[in-house]
Amino acid sequence: MLNVLNHPLITHKLAHMRDKNTGTKDFRQNLDEIAGLMAYEVCRDLPTMKTVVETPIGPCDTYVLSKDIVLVPILRAGLGLVNGITDLIPTAKVGFIGLYRDEETLEPHEYFVKMPSNINDAVNLVLDPMLATGGSAVAAIDLLKKRGARNIKLVCLVAAPEGVKAVVDKHPDVDIYLAALDDKLNEKGYIVPGLGDAGDRIFGTK
């Protein structure tokens with residue numbers, strides 16, 4: 001299922017991120033804030049279980065999360081979404097998938113993987129600001145499924161229709177959450193209008 005989160009605060013902050021004159025500090029800050037705002041919607045259907053807590057007045061029948069949360073940023077740009085989500089879910093564990101894109105073929109290549117031991121039963125959030133061709137997202141989800149992950153959500157800032165289609169075609173069971181769905185890809189595989197290279201703008205390497 002595709003979920004485009006057309007929230008005024010998300011759109012407002014994303015507009016600042018798109019601006020080519022926005023510097024690294026403000027780019028990161030807005031990304032943190034958008035990630036936190038998106039986390040509310042991404043986590044809306046997390047499974048819960050009944051419990052009883054003692055308030056200062058007496059017992060209270062309530063609910064707590066019943067599954068662990070694992071954040072899986074695709075390196076390096078995916079790291080930019082981690083802080084905003086862990087501010088909201090500080091108990092989340094973090095795994096890492098390192099992929100780089102061949103500039104000629106645009107195909108992803110794996111160079112690093114490190115996962116927590118609980119991905120089989122956890123809710124796994126794959127994080128990547130840009131969903132362009134979809135190659136990296138599909139490869140990351142393939143990798144998680146091969147390691148036994150069953151519950152996977154893909155969280156991206158901006159996507160092109162081509163990338164969304166690639167993920168839906170390969171992994172129709174994975175919910176996709178976006179802050180914005182843009183127009184298309186250009187001949188170099190960049191999202192139009194997009195916001196440039198997210199990794200470069202997060203880490204100041206542009």
Side-chain angles (χ1 to χ4, degrees), residues 3 5 10 13-14 17 24 27-43 46 67-101 107-120 122-160 163-164 166-167 170-171 174-180 191 194-206:
N3 304 274
L5 308 180
I10 292 176
K13 294 175 186 298
L14 182 57
M17 293 183 68
T24 301
F27 192 91
R28 285 179 187 161
Q29 181 176 339
N30 280 286
L31 182 55
D32 282 350
E33 293 168 356
I34 290 175
L37 290 167
M38 291 184 71
Y40 281 99
E41 289 301 320
V42 173
C43 297
L46 291 183
K67 287 189 177 292
D68 291 334
I69 310 298
V70 175
L71 309 182
V72 186
I74 299 176
L75 302 179
R76 65 183 165 143
L79 290 172
L81 290 163
V82 171
N83 286 345
I85 299 177
T86 54
D87 282 347
L88 193 68
I89 316 171
T91 57
K93 293 182 170 61
V94 182
F96 301 92
I97 294 178
L99 300 170
Y100 70 89
R101 186 169 71 163
E107 291 297 314
H109 297 275
E110 173 189 323
Y111 67 88
F112 181 77
V113 177
K114 185 72 172 179
M115 289 293 145
S117 60
N118 62 335
I119 64 170
N120 291 25
V123 178
N124 300 277
L125 307 183
V126 176
L127 310 178
D128 196 0
M130 312 304 285
L131 180 58
T133 65
S136 293
V138 167
I141 295 166
D142 283 342
L143 188 151
L144 282 171
K145 286 184 175 181
K146 286 176 183 176
R147 284 165 170 75
R150 296 187 293 270
N151 191 333
I152 302 170
K153 299 173 183 283
L154 176 62
V155 182
C156 304
L157 199 65
V158 177
V164 171
V167 175
K170 293 287 187 179
H171 298 288
V174 172
D175 289 340
I176 303 171
Y177 294 85
L178 307 175
I191 300 171
L195 48 74
D197 188 299
D200 282 345
R201 298 194 68 187
I202 291 166
F203 298 107
T205 52
K206 61 179 179 178

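These values consider heavy atoms only, across backbone and side chains, with no hydrogens, waters or symmetry-generated copies. None of the values given here were measured: they were computed from a predicted structure.
Closest non-hydrogen pair, A77 versus D128, comes out as CB-OD1, 4.3 Å. Taking both residues in full, the closest heavy atoms of L99 and S136 are given as CD1-O, 3.3 Å, listed atom of the first, atom of the second, then distance. Residue A166 comes nearest to G134 through the heavy atom pair CB-CA, 4.3 Å, listed as atom of the first residue, atom of the second, then distance. Here the closest non-hydrogen pair linking P116 and G95 is CD-CA, 3.7 Å. When all heavy atoms of A179 and I34 are compared, the closest pair comes out as CB-CG2, 4.4 Å. Looking at every heavy atom in both residues, V126 comes nearest to A140 through CG1-CB, 4.3 Å.
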| request: Report the C-alpha distance between L125 and Y177 in whole Å, list the side-chain angles of each, state the deciding distance to 0.1 Å, and finish with yes or no for side-chain contact (heavy atoms from CB on, under 4.5 Å). | output: CA-CA 10 Å; L125 307 183; Y177 294 85; over 6 Å; no
| task | Before giving the answer on side-chain contact (heavy atoms from CB on, under 4.5 Å), spell out for K67 and L46 the whole-Å C-alpha distance, their side-chain angles and the decisive distance to 0.1 Å. | result | CA-CA 8 Å; K67 287 189 177 292; L46 291 183; over 6 Å; no
| task | Check the pair N30, L14 against side-chain contact (heavy atoms from CB on, under 4.5 Å), reporting the backbone distance first and the verdict last. | result | CA-CA 7 Å; N30 280 286; L14 182 57; over 6 Å; no
| message | Please evaluate residues I152 and H171 with respect to the criterion side-chain contact (heavy atoms from CB on, under 4.5 Å), reporting the C-alpha separation (whole Å), side-chain torsions for both, the decisive distance (0.1 Å), and the verdict. | response | CA-CA 10 Å; I152 302 170; H171 298 288; over 6 Å; no
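Counting heavy atoms from C-beta outward, M17 and V158 have side chains that stay 4.5 Å or more apart. Looking at heavy atoms from C-beta onward, L157 lies in side-chain contact with L195 at the 4.5 angstrom threshold. Looking at heavy atoms from C-beta onward, M38 lies out of side-chain contact with I85 at the 4.5 angstrom threshold. At least one side-chain heavy atom of P73 sits less than 4.5 Å from a side-chain heavy atom of V94. Two residues are said to be in side-chain contact when any heavy atoms from C-beta on lie closer than 4.5 Å; V155 and L71 fail this criterion.
Taking L143 as the reference, I97, E110, V113, R147 meet the side chain to side chain contact (heavy atoms under 4.5 Å, CB included) condition, with sequence neighbours excluded. Listed by chain and residue number, R44 satisfy the salt bridge (charged side-chain N to carboxylate O under 4.0 Å, His left out) test with E41 (two or more places apart in sequence, or in another chain). Under the salt bridge (charged side-chain N to carboxylate O under 4.0 Å, His left out) criterion, R150 pairs with D121, sequence neighbours left out. Under the salt bridge (charged side-chain N to carboxylate O under 4.0 Å, His left out) criterion, R28 pairs with no residue at all, not counting sequence neighbours.
A side-chain hydrogen bond (donor to acceptor under 3.5 Å, both in side chains) check over residues 78-94, counting only residues at least two apart or in different chains, returns nothing. Legend: salt bridge (Lys or Arg N to Asp or Glu O under 4.0 Å) pairs involving residues 136-146, not counting sequence neighbours, sorted by first then second residue: K145-D173.
Of the possible polar contacts, none joining the R76 side chain to the I202 backbone as a donor-acceptor pair under 3.5 Å is found. In terms of modelled atom types and a separation under 3.5 Å, the side chain of N124 and the main chain of N151 share a donor-acceptor contact.
For the side-chain contact (heavy atoms from CB on, under 4.5 Å) test with K153, the passing option among D175, V174, N3 is D175; the others fail. If you run side-chain contact (heavy atoms from CB on, under 4.5 Å) between M130 and each of I191, I74, D197, only I191 comes through.
Distance check: D68 CG to I119 CD1 gives 12.0 Å after rounding to the nearest 0.5 Å. Note that CG of L37 is 11.0 Å distant from CG of D32, once rounded to the nearest 0.5 Å.
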